[in-house]
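All heavy atoms count here, side chains included; hydrogens, waters and symmetry mates do not.
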Amino acid sequence: MAWRNHSTITEFILTGLSNNPHIEALLFVFFLGIYLLTVTGNLMMLLVIRTDARLHTPMYFFLSNLSFLDLCFSSVTEPKLLKDLLSEKKTISVEGCLTQVFFVFITAGTEAFLLSVMAYDRYAAICHPLLYGQVMSSQFCVRLVFISRCLASFNSVVILLLALNLDFCEAQTIHHYTCELPSLFPLSCSDISINIDILICSILLHGLGTFLPIFFSYARIVSTILSISSTSGRTKAFSTCSSHLIAVTLFFGSGLIRYLMPTSGSSLDMLSSLQYSAVTPLLNPLIYSLKNQEVKAAVRRTLGKILHYLR
């Protein structure tokens with residue numbers, strides 16, 4: 001029954017980032033570079049963590065999952081964006097649009113849960129170092145990642161059901177470069193008040209459910225770090241958290257702005273979407289590699305092995 005609601009409209013038209021062919025050509029080169037760097041950086045992180053035995057710890061297990069998610073997340077929207085930048089008519093089928101909505105939510109939702117899990121990992125490492133090996137066992141870590149994916153999948157199904165329940169009658173122009181549920185609501189000719197309320201509740205529950213554990217974990221971490229007597233000890237303890245804090249700020253900041261602020265069709269909507277779907281997946285491997293001596297050393301070892309095999 002849900003699919004019959006969309007019988008009048010079979011495709012949507014995306015306004016994209018620009019309608020100037022010259023600007024679109026420059027944007028294509030720019031975002032192609034971003035996408036290639038994102039894929040390369042995250043694949044490198046996966047390769048380094050997988051092949052270097054020194055990085056087979058809970059922290060890097062979660063980081064490898066984060067790199068995999070960033071790889072998937074960027075691939076949900078950026079290939080379509082690149083295609084549209086070379087096309088005169090930017091269209092997407094209703095089925096394709098709803099599929100994109102689903103995968104945006106499942107990848108972004110899993111990443112939010114994973115960032116929360118990574119905060120707990122840092123809390124266990126800094127506040128309970130003697131019990132860290134027992135608390136963060138390999139089975140427990142796998143279980144945390146599995147639960148994160150299940151919860152994000154459940155939330156994504158709820159969001160998809162909201163989208164399937166929308167009626168699209170005449171308006172078919174999405175003032176965006178991609179399909180996101182807030183951009184679809186203004187096109188619906190049905191009553192969307194309940195849908196908006198459910199979406200806001202879902203985002204708040206998901207956001208608070210993942211952000212509050214991060215907040216409380218870091219409250220305990222800061223308290224523990226301040227109790228360390230030596231300056232070098234405090235610096236070393238904080239350095240293990242700084243990369244994660246930057247990743248959390250980038251992801252949650254732009255994501256909450258996009259989904260909790262009213263959709264206006266302005267450049268701010270697209271900038272916030274680009275921040276969490278294109279820029280953050282690019283920056284995460286750079287943040288964790290540039291600010292982490294262990295990762296930098298592992299990258300050098302891995303590149304050395306690759307060059308040795310190529311000779």
Side-chain angles (χ1 to χ4, degrees), residues 29-82 103-104 106-122 125 132-133 136-149 152 239-248 250-251 275-311:
V29 174
F30 178 69
F31 283 106
L32 178 62
I34 285 181
Y35 185 59
L36 292 177
L37 288 173
T38 299
V39 171
T40 303
N42 285 290
L43 284 177
M44 176 60 74
M45 289 294 291
L46 287 169
L47 176 64
V48 167
I49 294 171
R50 180 66 181 267
T51 57
D52 198 306
R54 301 180 197 186
L55 300 185
H56 291 176
T57 63
M59 174 182 171
Y60 295 108
F61 170 72
F62 295 132
L63 183 54
S64 65
N65 278 273
L66 181 65
S67 292
F68 176 74
L69 280 173
D70 283 335
L71 194 61
C72 296
F73 195 11
S74 60
S75 297
V76 172
T77 57
E78 289 190 61
K80 172 62 177 170
L81 170 61
L82 292 171
F103 281 107
V104 163
I106 197 170
T107 51
T110 306
E111 183 157 337
F113 278 114
L114 188 60
L115 289 171
S116 183
V117 167
M118 292 172 75
Y120 178 75
D121 172 70
R122 291 299 83 209
Y132 180 69
M136 302 303 293
S137 64
S138 58
Q139 290 182 340
F140 183 60
C141 292
V142 171
R143 202 173 295 130
L144 285 174
V145 172
F146 177 74
I147 292 172
S148 297
R149 292 178 179 176
S239 67
T240 64
C241 305
S242 57
S243 298
H244 181 256
L245 276 173
I246 295 171
V248 166
L250 289 173
F251 182 81
Q275 169 67 53
Y276 73 78
S277 66
V279 178
T280 299
L282 167 68
L283 292 180
N284 277 344
L286 293 175
I287 292 168
Y288 279 98
S289 59
L290 293 177
K291 293 184 67 62
N292 190 304
Q293 296 299 325
E294 289 181 326
V295 173
K296 285 196 285 188
V299 169
R300 286 194 294 268
R301 287 193 295 269
T302 303
L303 290 176
K305 291 177 183 178
I306 293 173
L307 292 174
H308 176 73
Y309 287 127
L310 292 177
R311 288 175 183 171

Taking the ring of Phe103 and the ring of Phe73, is the distance between their centroids below 6.0 Å? no
Taking Met118's backbone N and O only, do any of them form a donor-acceptor pair with His244's side chain (distance below 3.5 Å, no angle check)? no
Please tell me if the side chains of Thr38 and Leu71 come closer than 4.5 Å, counting only heavy atoms from C-beta onward. no
Separation of Ile246 CD1 from Leu286 CG (nearest 0.5 Å): 11.5 Å
Measure from the side-chain N and O atoms of Ser67 to the backbone N and O of Leu63, and report whether any donor-acceptor pair falls under 3.5 Å. yes
Kindly compute the distance separating CG (Leu82) from CG (Leu36), expressed to the nearest 0.5 Å. 8.5 Å
Interatomic distance, OH@Tyr35 vs OG1@Thr77, rounded to 0.5 Å, equals 9.0 Å
Answer yes or no: is there a side-chain heavy-atom contact under 4.5 Å between Tyr120 and Met136? yes
Results of ring-ring contact (aromatic ring centres under 6.0 Å, His included) for Phe31 - residues two or more places apart only: none
Pairwise side-chain contact, Asp121 with Tyr132, heavy-atom cut-off 4.5 Å (strictly under): yes
List for me each residue that meets ring-ring contact (aromatic ring centres under 6.0 Å, His included) alongside Tyr60, sequence neighbours excluded, and say none if there are none. none
Please enumerate all residues that pass side-chain contact (heavy atoms from CB on, under 4.5 Å) together with Ala152, with sequence neighbours excluded. Thr110, Phe113
Name all pairs fulfilling the salt bridge (Lys or Arg N to Asp or Glu O under 4.0 Å) condition that reach into residues 60-74, sequence neighbours left out, sorted by first residue then second. none
So, do Val117 and Val145 sit near enough that their side-chain heavy atoms are less than 4.5 Å apart? no
Look up atom CG in Leu47 and atom CZ in Arg50, then write down how far apart they are to the nearest 0.5 Å. 10.0 Å
When every non-hydrogen atom of Pro79 is compared with those of Ser74, the smallest separation belongs to CD-O, 3.7 Å
How far apart are the closest heavy atoms of Cys141 and Pro58, and which atoms are they? SG-CB, 3.6 Å
According to the salt bridge (Lys or Arg N to Asp or Glu O under 4.0 Å) rule, which pairs have a member within residues 29-42, sequence neighbours left out? none
dist Leu55:CG -> Met45:CE (nearest 0.5 Å) comes out at 8.0 Å
For residues Cys72 and Phe68, determine if any side-chain heavy atom of one lies less than 4.5 Å from a side-chain heavy atom of the other. yes
When you compare the side chain of Leu66 with that of Asn284, does any pair of heavy atoms fall below 4.5 Å? yes
So, taking the atom named CZ in Arg143 and the one named OG in Ser138, what distance separates them when rounded to the nearest 0.5 Å? 9.5 Å
ring-ring contact (aromatic ring centres under 6.0 Å, His included) filter on Phe62, not counting sequence neighbours, yields none
Quick one: does His56's side chain get under 4.5 Å of Phe61's, heavy atoms only? no
I'd like to know whether Leu114 forms a side-chain contact (heavy atoms from CB on, under 4.5 Å) with Leu69, so could you lay out the CA-CA distance, the side-chain angles of the two residues, the decisive distance to 0.1 Å, and finally the verdict. CA-CA 9 Å; Leu114 188 60; Leu69 280 173; 3.8 Å; yes
Do you know which two heavy atoms are closest between Ala278 and Ile34, and how far apart they sit? O-CG2, 3.9 Å
Under 4.5 Å between any side-chain heavy atoms of Arg149 and Asn65, yes or no? yes
